[in-house]
Participant: 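The structure under discussion is supplied below as structure tokens; questions concerning it will follow.
Keep in mind it's a predicted model, so treat the numbers as computed, not measured. Sequence lines set the chain letters: A, B, ... in the order given, protein chains first and strands last, and positions in each chain run from 1.
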Number of protein chains: 2
Amino acid sequence: MAHGGKTRPMKGIRQLAEHLDISIGTVSRALNGKPDVNEETRKRVLAAAEQLGYVANQSGRSLRQGTTNVIGLMIQSSRETVENSDNFFLTVTGGLQSVFSRHKLDLIMLPCPHDEDPYEYLKRMVARRIVDALIISETQRVDKRFDLLAKAKIPFAALGRSLSGTQHPWADLDFDGVANAAVDRLVAHGHRRIAVSAPSSDINLGFIFVDGYRRALERHGIDYDPALVIRAKSSEQGGYQVADELLRLENGPTAVILIYELMAIGFYRRVMEAGIIPGRDIAVVSFREAPRAKFLQPALTCFRTSVHDLGVELAEILLSSMPAYSHEYPRKARQTVWPLELIPGESDAFQLTVKK
Amino acid sequence: MAHGGKTRPMKGIRQLAEHLDISIGTVSRALNGKPDVNEETRKRVLAAAEQLGYVANQSGRSLRQGTTNVIGLMIQSSRETVENSDNFFLTVTGGLQSVFSRHKLDLIMLPCPHDEDPYEYLKRMVARRIVDALIISETQRVDKRFDLLAKAKIPFAALGRSLSGTQHPWADLDFDGVANAAVDRLVAHGHRRIAVSAPSSDINLGFIFVDGYRRALERHGIDYDPALVIRAKSSEQGGYQVADELLRLENGPTAVILIYELMAIGFYRRVMEAGIIPGRDIAVVSFREAPRAKFLQPALTCFRTSVHDLGVELAEILLSSMPAYSHEYPRKARQTVWPLELIPGESDAFQLTVKK
DNA sequence: CATAGTATCGTAAACGTTTACGGAGCGCGT
DNA sequence: ACGCGCTCCGTAAACGTTTACGATACTATG
């Protein structure tokens with residue numbers, strides 16, 4: 001042994017042990033609630049740790065036991081997402097945390113920079129072993145990230161379904177069902193020319209939504225008219241543009257289904273510029289992400305849900321796929337389609353007299 | 001045995017070294033760009049690492065060199081914050097990242113759970129040594145967290161000023177200036193009874209804003225009337241409530257300064273219910289956080305800024321206080337008051353005829 | 001040829017934890 | 001006395017890196 005007795009490197013379990021005149025192994029066991037340690041000494045150790053403000057260094061800890069007690073939530077803060085997502089992610093975060101904190105798991109958010117490839121970013125984060133498990137958001141229709149995670153054997157759950165190879169856990173809003181119910185409702189009111197707006201079908205959401213719409217039309221024996229499907233951004237501006245395009249059609253719709261509430265603001269504005277009044281001349285139905293458009297006149301008919309509770313569900317799905325926690329969350333379904341609730345407003349509250 | 005074409009899961013630098021038949025030390029030096037390694041072998045190492053997908057384990061790395069290359073952004077996702085902050089944090093994140101990524105620093109968000117004490121949460125995160133430095137947001141008027149960080153010698157910068165002991169770096173929106181300019185503008189239009197709304201003065205922001213308002217009044221020789229200061233939440237509902245309270249006054253204001261654009265929505269709604277029209281019967285001025293209320297009629301006069309650029313500024317302030325980067329960001333001022341720009345609308349565009 | 005200098009690389013010691021293992025003390029039954 | 005089972009604790013070996021240090025081979029110089 002060639003090292004001399006240098007004085008305090010300031011921190012560490014070693015110092016705590018010296019201060020207590022106990023071996024470092026015992027101190028560690030005491031702190032971690034291991035069985036073979038005298039209750040008396042355990043109390044002493046905990047007291048001293050508290051008093052000296054000792055908290056185990058995470059690097060050493062996770063190096064040894066290969067675990068960090070941290071769950072990551074990956075988000076891609078693309079310009080567009082940021083502009084339009086309101087507080088979706090922060091709200092989900094609240095739901096996730098309410099579950100994780102019960103298990104002393106911390107949640108951190110991993111925002112992929114605008115200019116970096118999400119796949120590479122995730123790869124880096126995974127290799128660094130900074131998290132034990134991951135929540136993946138903004139899933140693509142085909143998403144390489146899932147294969148990466150599966151191969152790396154990192155437990156994960158996705159916010160939003162995907163077609164990608166691995167049969168992974170996810171929770172998703174029931175946009176399929178929303179489109180369906182919206183069509184049903186509008187058809188019941190006599191509408192047959194119903195427009196729909198959604199993002200590009202590369203985004204799985206855009207695909208699902210229009211697909212649900214399409215199948216609902218089929219069910220009602222209504223022909224699918226591609227001209228009535230408008231791909232637009234899920235923003236106020238997108239809504240304005242949707243209205244604009246629809247106004248140009250010679251055989252326009254009598255009703256429209258918007259995928260985001262925010263779009264309704266722009267949509268209202270544009271049609272009213274043309275002297276068309278929502279709820280009287282055209283029916284409008286939407287999904288409500290956040291209660292932003294409360295002030296719209298006439299009140300928007302929309303589908304809503306608790307995003308917080310969706311976060312709770314997603315957290316439980318994730319934990320049920322992690323060996324260390326799965327016994328507490330036994331579940332058969334690892335994939336959940338989260339229901340939405342219809343909030344009737346005035347924007348579609350008129351019966352279309354059968355014309356033509 | 002420098003062959004074996006199959007890519008098997010990569011365990012660590014040791015395996016990479018064996019695969020290359022080079023010592024582990026050399027591999028490490030090659031990867032980290034250290035000088036004393038042959039360019040030839042460096043290329044081989046980098047190629048092999050790329051091909052086998054090797055990325056250094058962060059635990060081992062940071063255990064050894066005491067650094068993580070990660071910067072944390074702490075946010076308190078309280079219910080109220082989430083409801084009203086729009087995408088403030090995600091937008092700031094974008095600005096921060098655009099600077100950090102130039103230095104190969106990753107940004108993670110540390111959302112303090114609703115039910116946990118922010119101080120304790122931060123303490124835990126710091127002790128775990130999961131980040132090299134921190135951005136602190138939602139600063140309190142007096143905020144123990146700064147003392148904690150100063151004592152732990154963790155570099156940090158705050159989003160929002162504070163009174164706390166340590167002379168720490170921060171960047172803050174110029175709410176003081178907004179209140180000032182708003183009063184000036186309104187006074188120039190003939191107003192003398194001007195109401196203001198802000199959050200509780202425990203929140204430093206609430207204090208600063210009203211203080212600026214107060215001093216501006218003083219400058220114009222107008223008496224400060226506590227009845228015209230309404231403490232309210234920075235939400236649509238808060239705005240509604242502000243209007244409600246002001247309407248009850250027998251000697252009401254002719255103008256009002258709202259701290260958040262979102263409040264204007266509720267404010268408009270309430271006063272219009274009473275037959276009062278903004279921009280004709282009462283002047284309204286606000287700070288615009290996000291362009292949400294574009295649709296308001298008449299258009300809202302407000303102060304805006306680029307929150308993204310504020311993030312950039314804050315990141316630079318932080319880096320300039322970190323020894324490893326400070327040479328790249330030499331600056332004298334470690335504290336920045338971020339200016340806002342007036343966007344004239346119609347909501348205050350009328351000249352008050354001198355009455356009384 | 002001897003020596004010094006230089007470029008490149010291997011060796012091993014850290015970093016702070018957890019944990020497998022074994023040992024000391026003790027009580028108790030044979 | 002002996003063995004056995006407890007309970008408690010100390011020792012030391014990992015975990016995956018980085019890096020100080022020394023070793024080796026080669027080059028240049030005398």
Participant: Hey, where on DNA chain D does chain B first and last touch, going 5' to 3'? Cut-off is any atom under 4.0 Å from a heavy atom.
Facilitator: dG16(D) to dA20(D)

Participant: Nearest whole Å is fine: how far is dG23(C) P from Asp36(A) CG?
Facilitator: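 To the nearest whole Å, that distance equals 16 Å.
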
Participant: Under 4.0 Å, counting only non-hydrogen atoms across every strand here, what does Thr41(B) touch: a base, just sugar-phosphate, or nothing?
Facilitator: sugar-phosphate

Participant: For Val45(B), run the side-chain contact (heavy atoms from CB on, under 4.5 Å) check against Leu20(B), Thr26(B), Val37(B) and tell me which one passes.
Facilitator: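 Result: among Leu20(B), Thr26(B), Val37(B), Leu20(B) is the only option passing the side-chain contact (heavy atoms from CB on, under 4.5 Å) with Val45(B).
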
Participant: Classify the side-chain pair Ser62(A)/Thr68(A) by whether it contains a donor and acceptor separated by less than 3.5 Å.
Facilitator: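 No pair is found: no donor N or O on one side chain lies under 3.5 Å from an acceptor on the other.
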
Participant: Which sits closer to the 5' end of DNA chain C, Gly60(B) or Val37(B), going by the nucleotide each is nearest to?
Facilitator: Val37(B)

Participant: Give the intermediate values and the outcome of ring-ring contact (aromatic ring centres under 6.0 Å, His included) for residues Tyr54(B) and His19(B).
Facilitator: CA-CA 12 Å; Tyr54(B) 168 79; His19(B) 174 259; over 10 Å; no

Participant: Can you measure Ile13(B) atom CD1 to dT11(C) atom P for me and round it to whole angstrom units?
Facilitator: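 Interatomic distance, CD1 of Ile13(B) to P of dT11(C): 14 Å.
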
Participant: Assign Ser28(B) to base, sugar-phosphate, or nothing according to its heavy-atom contacts below 4.0 angstrom with the strands shown.
Facilitator: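 Base contact - Ser28(B) has a heavy atom under 4.0 Å of at least one base atom.
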
Participant: Heavy-atom count check: over 12 atoms from other residues, nucleotides or ligands less than 6.0 Å from Arg129(B) CZ?
Facilitator: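 12 or below, so no.
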
Participant: Need to verify one output field. Residue with the more 5' nearest nucleotide on DNA chain D, Glu39(A) or Ile24(B)?
Facilitator: Glu39(A)

Participant: What distance separates Leu159(B) CG from Phe89(B) CZ, expressed to the nearest 0.5 Å?
Facilitator: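 It comes to 6.5 Å.
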
Participant: Side chains of Asn204(B) and Ser162(B): donor-acceptor distance under 3.5 Å anywhere?
Facilitator: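 Per modelled atom types, Asn204(B) and Ser162(B) side chains form no pair under 3.5 Å.
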
